[in-house]
Amino acid sequence: METTYDPKAIERKWQARWQETGVYEADLEHAKAPYYNLMMFPYPSAEGLHVGNVYAFTGADIHGRYQAMRGKDVFEPMGFDAFGIHSENFAIKRGIHPKTLIAGNVLHFREQLRRLGGRFAWSHAVETTDPDYYRWTQWIFLQFFKAGLAQRRKAPVNWCPSCKTVLANEQVISGRCERCDSEVVQRELEQWFFDITRYADRLLDNLDHLDWSDVIKTAQRNWIGRSDGAELRFPLAQDPETEIAVFTTRPDTAYGATFLVLAPEHPLVRKLATPETEAAVAEYVRQAVARSQEDRIGGQDKTGVFTGGYAVNPFSGQEIPIFIADYVLYGYGTGAIMAVPGHDERDFAFATVHGLPIVRVVAGPDGDRSPLAEAYSESGIAMASGPLDGLPTPKAKEAAIRIAEERGIGQRHRTYHLRNWLISRQRYWGPPIPVVYCEKCGIVPVPEDELPVLLPDVQDFVPKGTGQSPLAAIPSFVETTCPRCHGPAKRETDVSDNFLDSAWYFLRYPSSHDDRSAFDPALTRKWLPVDSYIGGKEHAVLHLLYTRFVCMALHDLGYLDFEEPFKRFRAHGVIVRGGTKMSKSRGNVVNPDEFFDRYGADTLRSYLMFMGPYEEGGDFSDQGIEGLYRFLNRVYHLVRKNVAGSSAKASDEAVRLRHQTIRRVTEDIEGLKYNTALAALMEYLNGLQRESAVAQEDLRTLVLLLAPFAPHLTEELWQALGQPYSVHQAAWPAYDAQVLVAKTVTVVIQVDGKLRDRLQLPAGLGEEAVRQAALQSDAVRRFLPEDASLRFVHVPDRLLSIVTR
RNA sequence: GCGGGCGUGGCGGAAUGGUAGACGCGUGGGACUUAGGAUCCCAUGGGGACACCCGUGAGAGUUCGAAUCUCUCCGCCCGCACCA
């Protein structure tokens, strides 16, 4: 053993040994205690592994190493999410083909991941861009297509003018493109959708039973955004056969609906316009459609124009005007609302601007029936509402729905914020959607045995903005024959959303070598659902929701016997530097390579975990990492100094410290409190250094407990201690609760809530004995009035509180 | 606006009803040394008439006892955002 800690040499040595001996490859078929330890596979960017990746993977890897030492057969695979707009945009910018670019990036990532020292099962690595992988992505599409879950239909969709493709609702952040930050516009286009909304209720209700971080569950609940109410139909005054359907959560206020508002895109808009209003309506629609999503949302001003048409309020019987305004969204509900200005803030604002009547139909607290100066959107008692009068809001809602159903003018209805998942992309870098268009047969799926539909190798992969994928410009790809009638046909030229690739990758890992099925039924039964999944919060409503949907659908189609893919999910925190987010523009990005070189992976891993609670993240400081480097050095030297077979016996104090440390580290690792686990190990080390001689068992315990954090160093020290390879297959130490019981304890004495003395007393002393001891203390007696009658509160072995008042 | 999280030394953080500041960084002092920005040891919340007082964003409350529970307010971060 060398005299100085040389992380570079140690880490290189053991990484090679691990690879040769395959200690991290699980025996998938014969494993007795399968444990699937998953982390979010990275997108292999050109910049290389981000310190955020290192943080995420280290935390998950520690969990995996701990489970392995607890006797589990841990399967910890890794892969690359290499399709998608991000790589493609970068490739376009650099003028390099994405295929070339990604191949290089993946190599770099593999090298960095090796240096990180994760216990990855590399033989099961997957790359989503591999035809052997995306063949099955296409297969999933086909199953969904056959089940009617994948449908091509015309709908208002988000279009990113810069990426020149449509986007799913989840990929629009505050009206901007998730990938390139451009303003997104609405377009009415025919696209492929997965009908995720059919699963909205199950996706929502299952959350109650999932062991997932609450942040994620809350975000998904909000995103699904179920709301209950009614759909009501308002006939046109001029043409009672034609009705306008609206969705409302307040059917009880229907008597107060004094006008209707349609989204500018609503199909009835044209029909309603009169010769007088036609020009103004057309102009408003033109402007609204051209405005970016952000503009439409951003301005809270209530613009809109009168269409010229009137409808009849089926409750009040009054004729009410119909407006169009862009505060009504075409994509939600029915794209039309009944405006109740008295009880909705937005409608109130619109009515005020356009001089429309505001009627009060809900009395406020204390029976307030006065005219409204602002919208009253709370509950109350219905008024001026015919049969609803006098009913409190919840009952009035029910009554209104009953009336609507009886009269055939509406019914109970439920709506979701969640939209169907738009999965087609007018881009190059993704799996082609496996269908063909035949003039005779229509949309025909590509037969499964013809998969994959290979992504053609082309020179020009730049999107043209024609609304079509670059693949449309390749006749050899487009021109094909119909699988059904063998006549001429054209291929679908859109590719599927990148999030479809990642929605099932963990199903593929165990079966990565299977060329007969996407996932082998036996292996899947043995290894899934995933035991532990750790990843970032940013995927709360993207990846994590899509994945749940895909599993649920595959379950219903008979391919999986579970519907929830992840038994346990934990969201890790975010690393900042100097209190602010790391970003290239701020120039405060941590490059892991630099720290691997300077301190080694063990130090970087340990420091990242020490910064703060894993689920909360931390603040990276270049100085702070020194502390962990020193710590590992001290561990190295302590073991080295005592390694020469000393037969020293541990003191009672050392034994208690040992057991205490085992307990603390075990509990902290289980609770993902890696920072305090490391603190406990530091205290252990400090304690051992104070001892005149250190027992071999303490050295072994220290090394074992540190193994998940610093896998290379501990492997080296384990060997030095004469223990068999590998420390990562050794058993996690156990503690004895008996030993933890201290013989003497510090009992705190308080007088009227203030600390006055600390007494060293034998453990387990009764209240009377503690009182006697306390009353003998000068520090305590000084605060006791002569004549006071005393009251005592005793917490055994901890505290005695004396009350004089 | 809605939802979630957070606020503790010079800094990262510990303690979720019972010794506030574990552990680490930084800082000060000392040892070793030709030297050290290496290593080791000691000290380190503020004040002080040093057998004490104050102190966990601010204010109130509950309790023998509150960083922790309750209410009001202030500030910061994250997500969603005209969702009817």
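Reminder, nothing fancy here: chain letters follow the sequence lines and each chain counts from 1.
Residue A/I173 is classed as a sugar-phosphate contact, given heavy-atom separations below 4.0 Å to backbone atoms only. Among the atoms of the strands shown, none is found under 4.0 Å from any heavy atom of A/R221. Among the atoms of the strands shown, base atoms are found under 4.0 Å from some heavy atom of A/R758. At the heavy-atom level, A/S227 lies under 4.0 Å from the strands shown only through sugar-phosphate atoms. Contact annotation for A/R634: backbone-only contact, meaning every heavy-atom pair under 4.0 Å involves sugar-phosphate atoms and none involves a base.
Relative to the ring axis of A/F783, A/R756 places its NZ or CZ within 45° and under 6.0 Å from the centre. A cation-pi arrangement, defined by a distance under 6.0 Å to the six-membered ring centre and an angle within 45 degrees of its axis, is present between A/R360 and A/Y376. By the 6.0 Å and 45° rule, A/K302 stacks over the aromatic ring of A/Y327.
When the P atom is used for both B/rU8 and B/rG57, the distance is 6 Å, rounded to whole Å. Between the P atoms of B/rA15 and B/rU68, the separation comes to 15 Å (whole Å).
One can place CG of A/N222 at 9 Å from P of B/rG3, the figure rounded to the nearest angstrom. Atom P of nucleotide B/rG79 and atom CD of A/E178 are separated by 12 Å, given to the nearest angstrom. B/rG65 atom P lies 14 Å from atom CZ of A/R756, rounded to whole Å. Atom CE of A/M682 and atom C1' of B/rC25 are 10 Å apart (whole Å). To the nearest angstrom, P of B/rU19 lies 15 Å from CG of A/D757. Separating the CZ atom of A/F323 from the C1' atom of B/rC82 is a distance of 17 Å, rounded to the nearest angstrom.
A donor-acceptor contact closer than 3.5 angstrom links the side chains of A/R233 and A/Q411.
Annotated as anti: B/rG57, whose O4'-C1'-N torsion sits more than 90° from 0.
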